[in-house]
Number of protein chains: 2
Amino acid sequence: MRTLKYALLGLINREPITGYDISKEFEKRIMANFWHAKHSQVYPELKRLLDEELISVELIIQGEKMEKKLYTITPKGHEEFVKWLSRDEPLGVTPKDVFRLRTFFTDFMSLSDYEKHLHSQLSKHNSKKESLEKSLTAFWNNIPQYGTKEFGDYAVLLGAVMREDSYIAWLYKCLDAIKTS
Amino acid sequence: MRTLKYALLGLINREPITGYDISKEFEKRIMANFWHAKHSQVYPELKRLLDEELISVELIIQGEKMEKKLYTITPKGHEEFVKWLSRDEPLGVTPKDVFRLRTFFTDFMSLSDYEKHLHSQLSKHNSKKESLEKSLTAFWNNIPQYGTKEFGDYAVLLGAVMREDSYIAWLYKCLDAIKTS
DNA sequence: GAGTACATGTAATTAGTTACATGATTGA
DNA sequence: TCAATCATGTAACTAATTACATGTACTC
């Protein structure tokens with residue numbers, strides 16, 4: 001499906017960007033909430049996009065001698081990206097989840113071990129949710145206009161918070177369910 | 001991490017099972033809601049578990065000449081599985097989601113295209129949710145006791161329904177957000 | 001006899017992770 | 001000067017998908 005290709009094209013389409021900054025986006029920024037790639041996957045893919053003439057590159061000298069490569073989308077790349085954007089795809093496989101896998105097999109785990117697991121998950125998902133909610137406050141109650149970069153940021157952040165909320169609610173349901181046992 | 005290993009051990013731990021039935025579990029049954037593997041991945045992994053002496057195999061003749069292989073867990077396999085069950089792992093990367101990726105880049109998609117996307121997603125997630133809810137009615141309002149196989153089934157099904165609910169709620173929020181644009 | 005489900009595998013490719021490898025720049 | 005961050009890459013490996021390959025059993 002080469003989804004990474006389109007994730008990169010999307011970022012480069014916004015404005016010229018380096019491989020380093022793309023990697024940061026995947027590892028720390030908003031994008032990390034729905035896509036991920038290490039720099040060791042990003043750099044080879046950039047080379048490939050260059051080969052396919054979907055992007056072009058410009059060498060920038062930073063300071064004394066440090067070099068960085070600024071990638072810019074080509075008309076051909078832009079065209080492919082926009083075409084991909086409007087493509088309708090089937091749902092695809094449900095994401096894997098190790099904790100749900102463990103829950104499925106609780107008939108071989110002690111009640112106290114599972115309870116510990118649940119509390120550990122709750123704490124992890126709660127802190128993730130809190131940090132997401134903090135980012136979301138940037139929008140306060142001002143929903144950005146459709147068509148802006150901010151709309152995308154807002155929509156995916158909202159989705160990430162809701163996903164965490166739902167996961168936390170599920171964990172509480174599991175806690176409830178074991179309390180009667 | 002070799003999570004597939006433990007997913008297989010967990011299934012074989014319940015009762016002796018064939019590679020074919022394991023694959024069915026991954027592709028069509030409850031497990032598909034949190035783990036997945038094609039038969040081309042399952043068979044080699046079974047061979048590896050056999051090498052590691054975590055499972056054993058028995059050849060069964062079905063009818064005239066058709067053969068199938070029944071895998072059974074060994075004490076060593078059982079021990080490793082139970083140890084894995086109680087392991088606490090860090091949260092891991094957020095699952096990838098192509099539709100969220102598209103949403104992130106809506107600043108290059110027409111409003112009408114995105115609206116079509118949203119309705120398409122709504123219809124897909126709604127039918128998935130409905131089929132999950134149907135499976136959940138098997139438990140009516142009778143929450144299974146902790147420690148039974150049924151508890152695991154119930155908990156992960158509930159989680160799957162809640163995940164779909166939350167996704168659907170997010171899609172409606174996105175629809176709302178574009179309605180004012 | 002045809003089609004579907006049962007049953008098991010391998011080969012080739014793509015996707016992703018971990019580890020290796022190097023060097024520059026900035027700020028404390 | 002030391003640590004963190006900036007910046008770019010490759011090599012080796014693991015995980016997963018798609019395609020190839022074969023044969024049985026059951027039902028219409």
Side-chain angles (χ1 to χ4, degrees), chain A residues 1-8 12 16-29 31-32 34-52 55 57-71 89-90 92-98 101, chain B residues 1-8 12 16-29 31-32 34-52 55 57-71 89-90 92-98 101:
Chain A
M1 220 101 67
R2 293 197 61 195
T3 311
L4 177 62
K5 163 179 166 177
Y6 298 102
L8 296 184
I12 300 167
I17 189 172
T18 65
Y20 185 80
D21 286 328
I22 289 172
S23 294
K24 263 201 312 189
E25 194 69 41
F26 280 137
E27 269 158 42
K28 303 191 246 282
R29 314 257 178 222
M31 264 197 117
F34 51 88
W35 208 263
H36 182 264
K38 306 279 169 71
H39 77 274
S40 56
Q41 204 186 356
V42 168
Y43 288 117
E45 186 65 31
L46 284 170
K47 193 173 265 181
R48 193 171 169 191
L49 294 178
L50 212 54
D51 283 346
E52 296 172 325
I55 58 176
V57 70
E58 188 194 355
L59 237 96
I60 306 283
I61 307 295
Q62 201 79 335
E64 198 62 19
K65 48 173 96 163
M66 203 171 83
E67 286 182 342
K68 63 177 185 178
K69 293 179 172 179
L70 250 197
Y71 293 96
E89 270 169 306
V93 295
T94 309
K96 293 176 178 180
D97 183 325
V98 188
L101 181 62
Chain B
M1 223 100 70
R2 291 196 62 194
T3 311
L4 177 61
K5 164 180 164 176
Y6 298 103
L8 296 183
I12 300 167
I17 189 173
T18 64
Y20 184 79
D21 285 328
I22 289 173
S23 294
K24 262 202 312 190
E25 194 67 39
F26 281 135
E27 270 159 41
K28 301 190 249 280
R29 314 259 178 219
M31 266 198 114
F34 51 87
W35 209 263
H36 181 265
K38 305 280 170 72
H39 77 274
S40 56
Q41 204 186 356
V42 168
Y43 288 117
E45 185 65 31
L46 284 170
K47 192 174 266 180
R48 193 172 168 190
L49 295 179
L50 213 53
D51 284 345
E52 297 172 323
I55 57 174
V57 69
E58 189 195 354
L59 237 99
I60 306 282
I61 306 296
Q62 200 81 333
E64 197 63 21
K65 48 172 93 165
M66 203 169 83
E67 286 181 343
K68 62 177 183 178
K69 293 178 171 178
L70 250 198
Y71 293 96
E89 272 170 307
V93 296
T94 309
K96 293 175 177 179
D97 184 324
V98 188
L101 180 62

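All of these numbers come straight from a predicted model, not from anything done at the bench. Note on naming: letters A, B, ... go to the chains in the order of the sequence lines (proteins, then strands), and numbering restarts at 1 for each one.
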Rounding to a whole Å, what distance do you find between [X]:[atom1] and [N]:[atom2]?
X	N	atom1	atom2	value
Glu45(A)	dT14(C)	CD	P	12 Å
Leu70(B)	dA7(C)	CG	C1'	12 Å
Glu58(A)	dT8(D)	CD	C1'	17 Å
Leu8(B)	dA16(D)	CG	P	11 Å
Glu67(A)	dT25(C)	CD	C1'	14 Å
Arg2(B)	dT14(D)	CZ	C1'	10 Å
Ile61(B)	dA7(C)	CD1	P	12 Å
His36(A)	dG16(C)	NE2	C1'	10 Å

With respect to the phosphate group of [N], does any side-chain polar atom (N or O) of [X] fall under 4.0 Å of OP1 or OP2?
X	N	answer
Tyr20(A)	dT8(D)	no
Tyr43(A)	dT8(D)	yes
Lys68(B)	dT8(C)	no
Lys47(A)	dT10(D)	yes
Gln41(A)	dA15(C)	no

I want to verify a distance call: between [options], whose nearest atom is closest to the [X] side chain?
X	options	answer
Lys96(A)	dA24(C), dA7(C), dA16(D)	dA16(D)
Arg48(B)	dA15(D), dT8(C), dT25(C)	dA15(D)
Pro44(B)	dT8(C), dT10(C), dT25(C)	dT10(C)

Comparing Gln62(A) and Met1(A) on DNA chain D - which has the more 5′ nearest nucleotide =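 Nearest-nucleotide comparison on DNA chain D picks Gln62(A).
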query = Is the shortest heavy-atom distance from the side chain of Met66(A) to the side chain of Ile61(A) under 4.5 Å?
reply =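 Answer no - side chains too far apart.
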inquiry  = I'd like to check Ile22(B) versus Tyr71(B) (side-chain heavy atoms, cut-off strictly below 4.5 Å). Are they in contact?
reply    =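 In short, these two side chains do not touch, never coming nearer than 4.5 Å.
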ask   = So what does Lys5(B) hit on the nucleic acid, given a heavy-atom distance under 4.0 Å: a base, only sugar-phosphate, or nothing?
value =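 Here Lys5(B) touches no strand at all.
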request  = Looking at every strand, decide which applies to Ser40(A) at a 4.0 Å heavy-atom threshold: base, sugar-phosphate, or nothing.
outcome  =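 Base contact.
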request  = Please tell me which of His39(A) and Trp35(A) maps to the more 5' nucleotide of DNA chain C, matching each residue to the nucleotide holding its nearest heavy atom.
outcome  =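 On the 5' side of the pair lies Trp35(A).
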request  = Assign each of Lys38(A) and Lys24(B) to its nearest nucleotide of DNA chain C by heavy atoms, then name whichever residue's nucleotide is nearer the 5' end.
outcome  = Lys24(B)
request  = Report the residues that fulfil salt bridge (charged side-chain N to carboxylate O under 4.0 Å, His left out) with Glu89(B), sequence neighbours left out, ordered by chain and then residue number.
outcome  = Arg102(A)
request  = Find the distance between CG (Leu49(A)) and CZ (Arg2(A)) and round it off to the nearest 0.5 Å.
outcome  =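 Rounded to the nearest 0.5 Å, the CG-CZ separation comes to 6.5 Å.
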NZ on Lys28(A) to OG on Ser23(A), rounded to 0.5 Å =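 Going from OG on Ser23(A) over to NZ on Lys28(A), the span is 9.5 Å.
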task = State plainly whether the residues Asp21(B) and Lys24(B) are in salt-bridge range, i.e. N to O under 4.0 Å.
result =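 Yes, charged N to carboxylate O under 4.0 Å.
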